[in-house]
Amino acid sequence: MSRPPTTAAMTPDLFRDRRKTDLRALPPGIAPWIAPSDDPPDGEEPDASELIARLIDPARTPAPLYASADPARAAQSHAVTRLVLESLGRDSLIDAVPGGPLAMDIRNAEDYRFQDLYPRPPRWQTRRLLDFHPGCGRQLNIWCQEVPGLVYTAMESDEAAYIAQAEYFRRANVLPVSDYVAAPRAFSLGEQAGLYHLPTWRFDLLPPGFFDLIMCVDVLPHLSERLLRHMLPLFHRCLATGGGLYIRDDADAAFDQELDRALSQLGFVLEFRPYLFSGEDIHGLPRLWRKVDPRRPAAGRPVGG
C-alpha cells in the first residue's frame, strides 16, 4: 500500500513564512480570523513527529465509541494507521508499535458508515473529498482504500495541526501528496488522483461545484463566529449538486439549531441524523446534509414549498 516517499518534512518556519507571504495579499481585516498567528509559548516549537504520535494515541479519542462500529472497517483503517506507526518506530520516535485497531480506527469505522450509508446513483458517486480541519488526517485511511482515483483534500489553519497532518500524510504515504505550503507554485487542485493539503486562507483555490463530500468532524463549534459565517457559504459553493456535507460534533442544542437554520437557508437539506445521544451512545452526533438541486425539490418537499 505504501509508496516511495514524495515529500519532505514540514517545518514551522516553512509554514510561518508561507503564511506571512500570503497574508500580504489578503484584504485588511481578514488575517486575524482566517489565518491566526500561533506563535508557540516560551519559544517552544511544534515537533511534527511527537505531535503525530500524540494525535494517534488512543487516549486522544473521546469516549464513548459507538458499539455498532464495523470491526472490518476498523481493521481496514488500522492498515494505514500502522504504516504511520511503523514509520515513527523506524525513526525511534515511539518505543513500540501498538496493536490495533486503535480507538481512532474505530472512530474512522463509525464515520465511514455514516458517510456512506447506502448505494447512490452515478451522479452522486463520492470521489472528491474535502476534509476541513481534519485533526491528524485520519479520514484518509478508509477512503483511500475504497475509492479508485480518490481526490482527498485537507484544509487547515492551525500551525501545529497542519504540521501534524503533513507528517501523517508523509508517513502513511498512500497517495501522491501535493502540499501548498511546501510548493505553492506547483499546487493545483483538480481531477488528478492524489492528496492535496492547503491552509484555510487559500480557500480561493477550491474549485466551485467540485467536491462530492465535505467532512467537518469536531470542528465547527470551535470556529469563531466570523470564520463559521464565511465557511458555510463556501462549502455550499464548493460542493457539487447533490454533494454531502458530513458534520459530527458534540455542540450544544443552541449551536445546533442555529447551524440547522443557516444550512437550510443556504440550500442544504438534512438527509440523516440518527436517534442517538451524544455523550451516552456516541461521541459527537453525526449529521449528513445534501446540497439541493434547485431544479428539483428535495424528497418529501412539495414543489414550490
Review point. How would you list, by chain and number, every residue that makes a side-chain contact (heavy atoms from CB on, under 4.5 Å) with Arg127, sequence neighbours excluded?
Key: Val147, Val151, Glu191, Asp212
**Study point:** pair Glu156-Pro199: side-chain heavy atoms closer than 4.5 Å
**Key:** no
Practice item. Grab the two heavy atoms, one from Ser157 and one from Trp201, that are nearest each other, plus how far apart they are. Key: O-CZ3, 4.3 Å
Check your understanding: With distance as the sole criterion, is a donor-acceptor pair present between the side chains of Asp281 and Tyr275 under 3.5 Å?
Key -> no
Check your understanding: Side chains of Phe268 and Leu245: closer than 4.5 Å at any heavy-atom pair?
Key -> yes
Review point. Do Gln139 and Pro134 come close enough that some side-chain heavy atom pair is under 4.5 Å?
Key: no
**Study point:** Member of Asn108, Leu85, Leu83 meeting the side-chain contact (heavy atoms from CB on, under 4.5 Å) criterion with His78
**Key:** Leu85
Exercise for review: Verify, without hydrogens or angle tests, whether Lys291 (side chain) and Thr241 (backbone) share a donor-acceptor contact under 3.5 angstrom.
Suggested key: no
Check your understanding: Under the ring pair (Phe, Tyr, Trp, His ring centres under 6.0 Å) test, which residues partner Phe255, sequence neighbours left out?
Key -> none
Practice item. Could you pull out the closest heavy-atom pair between Ser77 and Asn141, with the gap in Å? Key: O-ND2, 3.1 Å
Exercise for review: Indicate yes or no for a side-chain donor-acceptor contact from Asp293 to the backbone of Arg295 under 3.5 Å, with no hydrogens or angles considered.
Suggested key: yes
Practice item. Taking atom types as modelled, find out whether Asp131 and Thr153 have a side-chain donor-acceptor pair closer than 3.5 angstrom. Key: no
Practice item. Only counting residues at least two apart or in another chain, list the ones meeting side-chain contact (heavy atoms from CB on, under 4.5 Å) with Thr11. Key: Asp13, Leu14
Review point. Are the aromatic rings of Tyr112 and Trp143 close, with centres under 6.0 Å apart?
Key: yes
Review point. Among all residues two or more places apart in sequence or in another chain, which pass the ring pair (Phe, Tyr, Trp, His ring centres under 6.0 Å) test with Tyr162?
Key: Phe15, His197
Review point. Any side-chain heavy atom of Leu228 within less than 4.5 Å of one from Leu220?
Key: yes
**Study point:** Atom pair OH (Tyr168) and CG (Leu88), whose distance is rounded to the nearest 0.5 Å
**Key:** 10.5 Å
Practice item. Check for a donor-acceptor pair, side chain of Gln165 on one end and backbone N or O of Gly135 on the other, with a separation under 3.5 Å. Key: yes
Exercise for review: Mind listing the closest non-hydrogen atom pair of Arg171 and Ser87 along with its distance?
Suggested key: NH1-OG, 2.6 Å
Check your understanding: Do Arg82 and Asp105 meet the salt-bridge criterion of a basic N to acidic O distance under 4.0 Å?
Key -> no
Exercise for review: List for me each residue that meets salt bridge (charged side-chain N to carboxylate O under 4.0 Å, His left out) alongside Arg24, sequence neighbours excluded, and say none if there are none.
Suggested key: none
**Study point:** Gap separating the CG atom of Leu288 from the CE atom of Met215, nearest 0.5 angstrom
**Key:** 11.5 Å
Point to revise | Side-chain heavy-atom pair Asp22, Arg202 within 4.5 angstrom cut-off | key: yes
Review point. If we only count heavy atoms from C-beta on, is the Leu266 to Pro233 side-chain gap below 4.5 Å?
Key: yes
Check your understanding: Should we count CD of Glu225 as having more than 12 external heavy atoms under 6.0 Å?
Key -> no
Point to revise | Test side-chain contact (heavy atoms from CB on, under 4.5 Å) applied to Phe187 and Val181, step by step | key: CA-CA 9 Å; Phe187 187 89; Val181 170; over 6 Å; no
Review point. Among Arg73, Arg138, Arg287, which residue meets the salt bridge (Lys or Arg N to Asp or Glu O under 4.0 Å) test with Asp111?
Key: Arg138
Review point. Does any non-hydrogen side-chain atom of Asp260 lie less than 4.5 Å from one of Trp289?
Key: yes
Check your understanding: To the nearest 0.5 Å, what is the distance between CG (Leu23) and NZ (Lys20)?
Key -> 10.5 Å
Review point. Take atom CG in Asp95; do more than 12 heavy atoms of anything else shown fall under 6.0 Å from it?
Key: no
Practice item. Indicate the atoms forming the closest heavy-atom contact of Pro184 with Arg18, along with that distance. Key: CG-NH2, 3.4 Å
Check your understanding: Closest heavy-atom contact between Asp250 and Ser278?
Key -> CB-OG, 3.7 Å
Exercise for review: Identify the two heavy atoms, one from Tyr152 and one from Ala154, that lie closest to each other, and give their separation to 0.1 Å.
Suggested key: CE2-CB, 3.9 Å
Review point. Do the non-hydrogen side-chain atoms of His230 and Phe203 ever get within less than 4.5 Å of each other?
Key: yes
**Study point:** Test item: Arg248 side-chain N/O and His283 main-chain N/O as donor-acceptor pair under 3.5 Å
**Key:** yes
Check your understanding: Centre of Phe211's six-membered ring, under 6.0 Å away, within 45 degrees of the axis: is that where NZ or CZ of Arg128 sits?
Key -> no
Review point. What residues, two or more places apart in sequence or in another chain, satisfy ring pair (Phe, Tyr, Trp, His ring centres under 6.0 Å) together with Phe235?
Key: Phe132
